[in-house]
Amino acid sequence: GTPVKDVVLKADAPTVLLLDKHSDYIASYGAKKDDYEYCMSEYLRMSGIYWGLTVMDLMGQLQRMNKEEILQFVKSCQHDCGGVGASIGHDPHLLYTLSAVQILSLYDSLHVIDVNKVVEYVKGLQQDDGSFAGDKWGEIDTRFSFCAVATLALLGRLDAINLESAAEFVLSCMNFDGGFGCRPGSESHAGQIYCCTGFLAITGQLHQVNADLLGWWLCERQLPSGGLNGRPEKLPDVCYSWWVLASLKIIGRLHWIDKDKLSRFILACQDEETGGFADRPGDVVDPFHTLFGVAGLSLMGDQRIKPVNPVFCMPEDTLRKIGIQPELLH
C-alpha cells in the first residue's frame, strides 16, 4: 500500500512543557511592531491577539499583556455597520468580529464596542437558507455559521437570528462518514467538523450527530507519530490537536485516541530556545500553533494549564463568569 504520510519524532525532542518559555514568547511577540513577521500578519491581527491572549490566560499569565492598548485597538477596528475588521482600516468580517468579542469577553470589557451594532451585523449576514456569509462579499461556509452563533452566545443574543434554519443548513453539510464540510456535499475536514459540532453544541442540537460514526472518523486522524491530521492522507499538525480533540470532547469520545502519544507529539513541537509551538517538530513557531498546542494539552487534563472549553476555545472560568455552558455529549 501507499506509505503513511507522517513525521518521525527525534530522540532529543522536548518531552516537558516549557511554560515559562511560551509565556515569554507570546509576551514579547507584539513588542517588536516592525518585525517582518508581525507586519506580514496584519491581515489577521485581531485573531492573532485572541490566540495570544487566550494562551496567556490558560497559562495564568494574562496580566502580562497590555490590556488598555488591546481594548483601544479592538474599539478602533469596529465599523459603523457593527462588524469588526482584522486591523485598523481593514474590512469587517465575521471571523474577526468573533475574535474581538472573545478578546473583550476575556477582559470582561464588552462595553468597549457597540454590542447592538455587532448583533445587527451578524443578523444581516444570515441567508435565506439559514447559512451565513463571512462578510458583505458573500462567501458561504459552515465556519461562518459557527462564528455567528459563538459571537451571539457570548453576547447573550442568540435570539437575534433564525436558529432553526441555521441548524438545518449546518446539518445539510453532514456527510456519509459522519463528518462535515464547508458547504453541502463538501469533503469532511476536521476544522469544519469542529465548527459544526461547536455550532450544534451552542444551539442545543448535538443529538443530531452520529457520535460513534463521527468519533471513528476523528480518531482515525491519529498517525503512528501520535500527531493528528485534518483529513486522510495529510501530515500531522499541532493545530489539529485542537480541531480533532475538541470535536471528540464535544461528542464525548475523547478517550478514543491515544492521549500519551498525542501529548508526546505536541511537546515535540516546542522550540526549546525561543519558546512557542510549531505545526510539526523542527518547524518555525507561531502564536496560532502555540495556543492550539497548549489548549490540546489542557483538553487532555494537563494540570499546569487552566481547563479550556472545547466549544469556544476559551478558559472555562471565563465562560462560567458569563454564565455559558454549552451542552456536550457524554
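Below, all heavy atoms of this structure are taken into account, side chains as well, without hydrogens, waters or symmetry copies.
- By the rule that hydrophobic residues join a cluster once side-chain heavy atoms approach within less than 4.5 Å of another member, I88 and I113 end up as members of one cluster.
- Under the 4.5 Å side-chain criterion, counting only non-hydrogen atoms from C-beta, L245 is in contact with I257.
- K21 has no carboxylate O lying under 4.0 Å from a charged side-chain N of D271, or vice versa, which leaves the two without a salt bridge.
- The closest side-chain donor-acceptor pair between N309 and Q325, if any, does not fall under 3.5 angstrom.
- Put simply, CD on Q126 and OG on S145 are 8.0 Å apart, with the number rounded to the nearest 0.5 Å.
- Clustering ILVMFWY residues whenever any of their side-chain heavy atoms sit less than 4.5 angstrom apart, transitively, puts Y43 in the very cluster that holds I49.
- Of the candidates W242, Y29, W51, W51 is the only one forming a ring-ring contact (aromatic ring centres under 6.0 Å, His included) with F288.
- A single hydrophobic cluster is seen to contain both V112 and I322, as judged by linkage of ILVMFWY side chains at heavy-atom distances under 4.5 Å, directly or through other members.
- Side chains of D91 and H79: a donor-acceptor N/O pair is absent below 3.5 angstrom, by distance only.
- Applying the 6.0 Å contact sphere to NZ of K10 captures no more than 12 heavy atoms from other residues, nucleotides or ligands.
- By the rule that hydrophobic residues join a cluster once side-chain heavy atoms approach within less than 4.5 Å of another member, M65 and V74 end up as members of one cluster.
- Distance alone, capped at 3.5 Å, places no donor-acceptor pair between the S109 side chain and the S105 backbone.
- The residues R64 and D24 are annotated as salt-bridged, a charged nitrogen and a carboxylate oxygen being separated by less than 4.0 angstrom.
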Determine, step by step, whether F169 and F132 satisfy the ring pair (Phe, Tyr, Trp, His ring centres under 6.0 Å) criterion, reporting the C-alpha distance in whole Å, the side-chain angles of both residues, the deciding distance to 0.1 Å, and the verdict. CA-CA 9 Å; F169 176 76; F132 282 84; 9.0 Å; no

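- Interatomic distance, Y121 OH to Q78 CD, rounded to the nearest 0.5 Å: 11.0 Å.
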Test salt bridge (charged side-chain N to carboxylate O under 4.0 Å, His left out) applied to E316 and K306, step by step: CA-CA 8 Å; E316 287 282 17; K306 283 194 200 174; over 6 Å; no

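- Put simply, SG on C219 and CG on L254 are 11.0 Å apart, with the number rounded to the nearest 0.5 Å.
- In this structure, L106 and T318 approach most closely via the heavy-atom pair CD2-OG1, 3.9 Å.
- Under 3.5 Å, the side chains of Q205 and Q208 contain a donor-acceptor pair of N or O atoms.
- Annotation for Y107 and L53: closest pair OH-CD2, 3.5 Å, computed over non-hydrogen atoms.
- Annotation: cation-pi pair R45/Y38 present, NZ/CZ under 6.0 Å from the ring centroid and within 45° of its normal.
- The closest donor-acceptor contact from the side chain of R253 to the backbone of K249 lies at 3.5 Å or more, if one exists at all.
- Distance alone, capped at 3.5 Å, is enough to place a donor-acceptor pair between the K261 side chain and the P224 backbone.
- If you take CG on L291 and SG on C239, they are separated by 10.5 Å, rounding to the nearest 0.5 Å.
- If you take CG on D177 and CG on L214, they are separated by 8.5 Å, rounding to the nearest 0.5 Å.
- Taking the six-membered ring where the residue is Trp, the centroids of F292 and F277 are separated by 6.0 Å or more.
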Worked verdict on D237 versus H289 for side-chain contact (heavy atoms from CB on, under 4.5 Å): CA-CA 9 Å; D237 184 323; H289 290 94; 3.0 Å; yes

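- Within the 3.5 Å criterion, the main-chain N or O of G130 finds no donor-acceptor partner in the side chain of E168.
- The aromatic rings of F144 and H93 sit perpendicular, their planes meeting at an angle over 60°, well past the 30° parallel limit.
- Here the straight-line distance linking atom CG of D135 with atom OH of Y96 works out to 10.0 Å at 0.5 Å rounding.
- Side-chain atoms of V308 and M314, non-hydrogen and from C-beta on, never get closer than 4.5 Å to each other.
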Using side-chain contact (heavy atoms from CB on, under 4.5 Å), reason through L228 and L218 one step at a time and then give a plain yes or no. CA-CA 9 Å; L228 301 167; L218 287 166; over 6 Å; no

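- By the rule that hydrophobic residues join a cluster once side-chain heavy atoms approach within less than 4.5 Å of another member, I193 and W256 end up as members of separate clusters.
- Under the 3.5 Å distance criterion, the side-chain polar atoms of R183 are matched with a main-chain donor or acceptor of I140.
- Side-chain atoms of H22 and Q61 form no donor-acceptor pair, as typed in the model, at a separation below 3.5 Å.
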